[in-house]
**Student:** 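I'd like to ask some things about the structure below.
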Amino acid sequence: MLNQIYEILSKIRPEAGFMASTDYLADGLLDSFDIVSLVSDIDAAFEISIPGTEITPHNFRNADTIAALVNRHRKVQ
Amino acid sequence: MMELESVRWSQIQSAIDRLRSGHRVRWLTNLYAELQDITKFAMLTSDRAIVFVGDEGGFARLYYHAVDVESMKALLENIQYKIPLVIGYLDKNRNEALCAAFRNAGFKEIAHYRRMTNAGFPTLASESQPQFAKPEEAQTIFSMMRDTFNAMTDHLPSREKLRSLIEHQQVIVRREADEITGFVVFQIFGRQVNFNYLLNRGSRGNGTILMQDFHQCMASRGLNSGFLWVESTNERARKIYDASGWKVDGLNDWFFLR
């Protein structure tokens, strides 16, 4: 799953070094505009629907927190 | 024509979640964060789109979350609201069909901003010591911002937000004879800074000193990257930022008013 997440991230910001960062927002690799695209792509790739209350900076901090978010919603649905 | 219905923020969130769970699409939206400073909302929904407005005092900002342009167009053209409506549309590549939908619903384009980023603020040899705004100057700075900037397009901070920024030393000022002649307002997000506002009413060289003060302040906090928004017609400001290493990164913010 992590590889798939990195692939999605690199399509949104091809120039960013996601593997070298543990906090994408703090490091300026993602902003709130990117997160909207990212949520759509994650929803489509993993066939989930992330609710608005879960679209928080904490859940999009890095690939691990995104993977945890996806796993939570895969289990629920 | 349809009147928007008064709602709470939680009702808007629930409506968006319901819509999102029923469609797997790349959403058309201009909502990028929770709207914490706004308390009055009104909303209009269909089975494929949600349009809502947040009252900002004198005008309201319109947000949308839609499956496609057509579904949003149907709502937009039927909206009736008591005060002027502003739409901010953020994108890398302009969606002409979307802009046409705004125009068809009676909105006129009023401004276009470009984002600039800087990943290496200049290192300064300057001995300048930035002066920070004092809490008692909050009202003066608030009034200067309201007089100078455009509330519809510049997302001005509320009084409370400005007080908080002053308290956290995120407002640098220049004073001449005890009068404020300029300031820089910024916000820090992690290791990034949003260079929000620069106002200069001082004598020649005041603006340069404000920029130096800002860079000095960033150096002292260990920050060397950030972003700002500049109006596309403001060539003067653009040249100043270019000279300090800021570069347009391709993200645009267009504003429409009805």
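Labels below follow one simple rule: chain letters A, B, ... track the order of the sequence lines, proteins then strands, and each chain is numbered from 1.
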**Student:** Between B:Leu90 and chain A, which part of the residue has a heavy atom less than 4.5 Å away: side chain, backbone, both or neither?
**Tutor:** both

**Student:** Per the salt bridge (charged side-chain N to carboxylate O under 4.0 Å, His left out) rule, which among B:Lys92, B:Arg114, B:Arg115 passes with B:Asp249?
**Tutor:** B:Arg115

**Student:** Given heavy-atom pairs under 4.5 angstrom as the criterion, report whether the side chain, backbone, both or neither of A:Thr56 touches chain B.
**Tutor:** neither

**Student:** Hey, do the aromatic rings of A:Phe18 and A:Tyr6 have their centres closer than 6.0 Å?
**Tutor:** no

**Student:** For the residue pair B:Leu165 and B:Gln187, establish whether any side-chain heavy-atom pair is separated by less than 4.5 Å.
**Tutor:** yes

**Student:** Can you tell which part of B:Ile188 gets under 4.5 Å to a heavy atom of chain A, answering side chain, backbone, both or neither?
**Tutor:** neither

**Student:** Could you check whether the rings of B:Phe214 and B:Phe121 sit parallel, tilted or perpendicular, using 30° and 60° as the cut-offs?
**Tutor:** perpendicular

**Student:** Take B:Phe195 and B:Tyr241 through the ring pair (Phe, Tyr, Trp, His ring centres under 6.0 Å) test and state the conclusion after the steps.
**Tutor:** CA-CA 11 Å; B:Phe195 182 96; B:Tyr241 298 135; 5.8 Å; yes

**Student:** Where on B:Asn30 is there a heavy atom nearer than 4.5 Å to chain A: the side chain, the backbone, both, or neither?
**Tutor:** neither

**Student:** Could you look at B:Thr29 and say if it's the side chain, the backbone, both or neither that has a heavy atom under 4.5 Å from chain A?
**Tutor:** side chain

